[in-house]
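The next block holds one structure in the form of structure tokens; read it before the comments.
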Amino acid sequence: MASLGASSSSAPARAEVLALFRSLLRTARKFTDYNIREYTKRRTVDAFRHNQNLSEPSSVSSAYSEGKAQLEIAQRQAVVYQLYAPKIKSVMDLKTHH
């Protein structure tokens, strides 16, 4: 979805797609658990790579809508994970903070 040249009004603009990508990555950083955080980042990058060559406006729109839905889910999950964060840090988190 990164290289969009569609001029249809139903397809999102390239800037909107990039903003969605950045929002998903920012949301991933909010997860306190290392594994969930890294999975969310990897899943975001993989999904955008998979959809980067979409050119049909309806396909681009559909992928964008799915991305927006995933963003809403990730944002809700980040809040839940923050509320119920484990007391013990991951070994990966301990190594990165020293």
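What you are looking at is a predicted structure, and each value in this text was computed from that prediction instead of being measured.
- Proximity of Q77 to F31: side-chain heavy atoms (C-beta onward) are separated by under 4.5 Å at one or more points.
- The OG1 atom of T44 lies 11.5 Å from the CZ atom of R49; values are rounded to the nearest 0.5 Å.
- One hydrophobic cluster, built from ILVMFWY side chains closer than 4.5 Å, holds both V45 and V17.
- Under the 4.5 Å side-chain heavy-atom criterion for grouping Ile, Leu, Val, Met, Phe, Trp and Tyr, L24 is not connected to I73 through any hydrophobic cluster.
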Residues T40, T27; criterion side chain to side chain contact (heavy atoms under 4.5 Å, CB included); working and verdict: CA-CA 9 Å; T40 305; T27 300; 5.9 Å; no

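- Side chains of R26 and K30 form no contact here, defined as non-hydrogen atoms less than 4.5 Å apart.
- The distance from atom OG of S23 to atom CD of Q70, rounded to the nearest 0.5 Å, is 14.0 Å.
- Pairing each heavy atom of P12 with each of E16, the nearest pair is CA-OE1, 3.2 Å.
- A pairwise comparison of heavy atoms in Y81 and T32 identifies O-OG1, 3.9 Å as the closest pair.
- Under a hydrophobic-cluster definition in which Ile, Leu, Val, Met, Phe, Trp and Tyr are linked whenever side-chain heavy atoms come within less than 4.5 Å, directly or via other members, Y84 and V79 are assigned to the same cluster.
- Residue-environment remark: CZ (F21) exceeds the threshold of 12 foreign heavy atoms within 6.0 Å.
- How far CG of L20 is from CD of E66: 10.5 Å, rounded to the nearest 0.5 Å.
- For the pair L54 and A63, the tightest heavy-atom approach, listed with the atom from each and the gap, is CD1-CB, 3.8 Å.
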